[in-house]
Amino acid sequence: MAFTVIKHPLILDKLTRMRKTETSSKDFRENLNEIGQLMAYEVFRDVPLKEIEIETPVTKTTGYTVDIPVVLIPIIRAGLGMTEGIQRLVPTSRIAHIGLYRNEETLTPVQYFAKKTEDIDKSYVLVVDPMLATGGSAAKAIEIAKGWGAKNIKFVCLVAVQEGVDKILSEHPDVEIYTASLDPILNNDGYIVPGLGDAGDRIFGTK
């Protein structure tokens, strides 16, 4: 399926602010939410609509409403930082949660929490995480979502590398990927370069 890099001037401006070492947790979170909201315009481009009859102050007319439930699945922790901005745009969306952490020796994902929503099999599902590095956590989260019955899945991140993109496309070729930047490489510790650093630590002010 598709891999899309959303290159919009406002997104690139905010992403540059997030990359800076001196950016505070507050500013990092705010820019992350704003980028998530801006990216949602492109991600939801193909969301199905249905016609409805409404009445304006002048006359009756035909309008449109989203015709499918929307579920956001942040990969805890860092994915939580992206949900608020998207949910502002789609306030009726529900949120499932998948908790994964990376084993620092093997770099493989370890699941510690998962909570689904109702009717996820009938929903438009966005799995969100700021970083797509090795792709292990993203692929695992998508696997869990499919195990819940999710079929219409998109993966949304801020920064990706080709290795992670290739892993998702290989294991989940039916899933579309959206990112704000395709960065060059992973370093020996599995971090994206130039990247954002540890997104979870920068969102929550932890070390």
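The figures here come from the full heavy-atom set of this structure, side chains too, leaving out hydrogens, waters and symmetry mates.
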**Stepwise ring pair (Phe, Tyr, Trp, His ring centres under 6.0 Å) test for F44 and Y124** = CA-CA 9 Å; F44 283 96; Y124 192 93; 5.3 Å; yes
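Qualifying side chain to side chain donor-acceptor pair (under 3.5 Å) partners for D183, counting only residues two or more places apart in sequence or in other chains: R19, S181. Every residue two or more places apart in sequence or in another chain was checked for a side chain to side chain donor-acceptor pair (under 3.5 Å) with Q37, and none qualifies. Not counting sequence neighbours, E118 has no partner by the side chain to side chain donor-acceptor pair (under 3.5 Å) test. With sequence neighbours left out, D166 forms a side chain to side chain donor-acceptor pair (under 3.5 Å) with Q162.
Checking side-chain atoms of S25 against main-chain N and O of R202 turns up a donor-acceptor pair under 3.5 Å. Of the possible donor and acceptor atoms, none in the side chain of E176 sits under 3.5 Å from a partner among the backbone N and O of I153.
Two residues are said to be in side-chain contact when any heavy atoms from C-beta on lie closer than 4.5 Å; V175 and K154 fail this criterion.
The side chain to side chain contact (heavy atoms under 4.5 Å, CB included) with I73 is formed by just one residue from the set V128, T83, I120; it is I120. Between L158 and the options M131, M18, K14, a side chain to side chain contact (heavy atoms under 4.5 Å, CB included) holds for only M18.
Rounded to the nearest 0.5 angstrom, K7 NZ and L15 CG are separated by 11.5 Å. Remark: F3 CZ to T179 OG1 distance equals 6.0 Å, nearest 0.5 Å.
Grouped with I185 in one hydrophobic cluster are V193, the linkage being side-chain heavy-atom contacts under 4.5 Å among Ile, Leu, Val, Met, Phe, Trp and Tyr residues. Cluster partners of I52, by chain and number: I54. The rule joins Ile, Leu, Val, Met, Phe, Trp and Tyr whenever side-chain heavy atoms lie under 4.5 Å apart.
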